[in-house]
Amino acid sequence: VGVDTLFLSTVAGCDSLVITTTTLAPMSQTFLNKTTCDPALAGTDTLHMSNHFGCDSLVVTQTSYKGVDFEASVSNLPCFGENGGIIQLDTLLSSFLPVKFSLANYPDQVYNGAPLLWEDLAAGSYALVATNAEGCTVSKTLAIAEGDALQMDFGQTSVRLHWGDSVWV
């Protein structure tokens with residue numbers, strides 16, 4: 001950057017004066033904002049570029065996390081073979097409402113601040129899927145355990161019952 005002066009002279013006596021003025025081209029800066037559903041991709045990324053003419057540019061990309069997460073608890077079956085299991089939403093982490101929750105074979109529920117419950121569930125594994133207003137989804141598998149089967153031990157004495165007999169235990 002600046003002015004350079006060069007005096008040239010040839011053997012034949014020709015003289016030349018070369019004056020060069022060098023200026024710095026302004027740097028281009030671009031700031032971009034984008035969103036992601038993956039927390040590992042959130043953060044700031046900076047890219048500095050220059051071409052063979054010396055023009056520089058800087059691109060700064062800020063990626064914001066717009067995802068969703070939740071915690072849910074289960075209540076196992078109190079009795080063997082019944083449908084009395086419960087899944088309850090305990091905690092929701094999302095800045096973007098509403099959040100829709102889906103559980104297979106049950107109507108979707110939308111979180112509005114009140115606790116969400118899925119009741120009368122049989123024993124088994126359930127995938128609870130949450131989708132926020134940004135379209136980000138997360139799925140968690142929850143297991144409801146079967147209740148213990150009722151077992152009776154009458155000792156070594158055999159008991160023979162016939163249809164219609166009554167027994168006190």
Side-chain angles (χ1 to χ4, degrees), residues 1-77 83 85-146:
V1 177
V3 177
D4 292 318
T5 305
L6 182 62
F7 184 73
L8 301 173
S9 131
T10 65
V11 178
C14 296
D15 296 330
S16 298
L17 177 64
V18 178
I19 300 174
T20 305
T21 303
T22 306
T23 59
L24 180 63
M27 181 177 194
S28 168
Q29 294 183 357
T30 304
F31 296 94
L32 303 173
N33 292 310
K34 65 181 190 175
T35 62
T36 181
C37 294
D38 184 353
L41 299 177
T44 303
D45 185 30
T46 304
L47 178 62
H48 183 260
M49 299 179 288
S50 64
N51 65 15
H52 64 282
F53 298 114
C55 297
D56 294 335
S57 63
L58 178 68
V59 178
V60 179
T61 305
Q62 177 66 43
T63 305
S64 301
Y65 176 63
K66 304 290 183 179
V68 60
D69 198 8
F70 68 91
E71 293 297 327
S73 60
V74 299
S75 295
N76 294 320
L77 296 179
N83 292 348
I86 297 172
I87 293 177
Q88 176 178 329
L89 176 67
D90 295 325
T91 306
L92 172 64
L93 303 172
S94 179
S95 299
F96 300 94
L97 297 177
V99 177
K100 179 181 76 171
F101 284 87
S102 301
L103 189 69
N105 300 320
Y106 288 86
D108 290 346
Q109 294 191 41
V110 177
Y111 178 77
N112 60 9
L116 297 183
L117 292 174
W118 291 264
E119 299 178 297
D120 299 324
L121 302 173
S125 291
Y126 294 87
L128 184 58
V129 180
T131 305
N132 71 6
E134 290 290 308
C136 298
T137 62
V138 64
S139 176
K140 295 195 178 185
T141 301
L142 304 161
I144 295 179
E146 182 73 71

Determine, stepwise, if the pair Val68 / Leu92 fulfils side chain to side chain contact (heavy atoms under 4.5 Å, CB included). CA-CA 8 Å; Val68 60; Leu92 172 64; 3.8 Å; yes

Rounded to the nearest 0.5 Å, what separates atom CZ in Phe96 from atom OG1 in Thr131? 15.0 Å

How far apart are the C-alpha atoms of Leu93 and Thr91, what are their side-chain angles, what is the distance that settles it, and do they pass the side chain to side chain contact (heavy atoms under 4.5 Å, CB included) test? CA-CA 7 Å; Leu93 303 172; Thr91 306; 4.2 Å; yes

Shortest non-hydrogen pair, Ser94 vs Gly67, comes out as OG-O, 3.8 Å

Quick check for you: to the nearest 0.5 Å, what is the distance between Ile87 atom CD1 and Leu142 atom CG? 5.0 Å

Does the side chain of Val60 reach to within under 4.5 Å of the side chain of Leu58, using non-hydrogen atoms? yes

With sequence neighbours excluded, what pairs up with Asp69 under the salt bridge (Lys or Arg N to Asp or Glu O under 4.0 Å) test? Lys140

Going by side chain to side chain donor-acceptor pair (under 3.5 Å), name the pairs with one or both residues in residues 33-47, residues two or more places apart or in two chains. Thr44-Gln62

Under the rule for side chain to side chain contact (heavy atoms under 4.5 Å, CB included), what residues qualify as partners of Ala127, not counting sequence neighbours? Ser139

Only counting residues at least two apart or in another chain, list the ones meeting salt bridge (Lys or Arg N to Asp or Glu O under 4.0 Å) with Asp108. Lys100

Quick one: side-chain hydrogen bond (donor to acceptor under 3.5 Å, both in side chains) partners of Ser73, sequence neighbours excluded? Asp90

Measuring only between side-chain heavy atoms, which start at C-beta, is Val110 closer than 4.5 Å to Asn112? no

CD1-CG distance between Ile144 and Asn83, expressed to the nearest 0.5 angstrom: 9.5 Å

Under the side chain to side chain contact (heavy atoms under 4.5 Å, CB included) test, residues paired with Ser16 that sit two or more places apart: Leu8

With sequence neighbours excluded, residues passing side chain to side chain contact (heavy atoms under 4.5 Å, CB included) with Ser75: Ile86

Not counting sequence neighbours, which residues clear side chain to side chain contact (heavy atoms under 4.5 Å, CB included) with Ser57? List them please. Ser28, Met49

Mind jotting down which residue pairs meet the ring-ring contact (aromatic ring centres under 6.0 Å, His included) criterion with at least one end in residues 100-126? Sequence neighbours excluded, please. Phe70-Phe101

Contact list for residues 2-21, test salt bridge (charged side-chain N to carboxylate O under 4.0 Å, His left out), sequence neighbours left out: none

Point-to-point distance, once rounded to the nearest 0.5 Å, from CD of Gln29 to NE2 of His48: 9.5 Å

Please list, chain by chain and in numerical order, all residues satisfying side-chain hydrogen bond (donor to acceptor under 3.5 Å, both in side chains) with Glu119, sequence neighbours excluded. none

Not counting sequence neighbours, list each pair that qualifies as a salt bridge (charged side-chain N to carboxylate O under 4.0 Å, His left out) and has a residue in residues 123-133. none

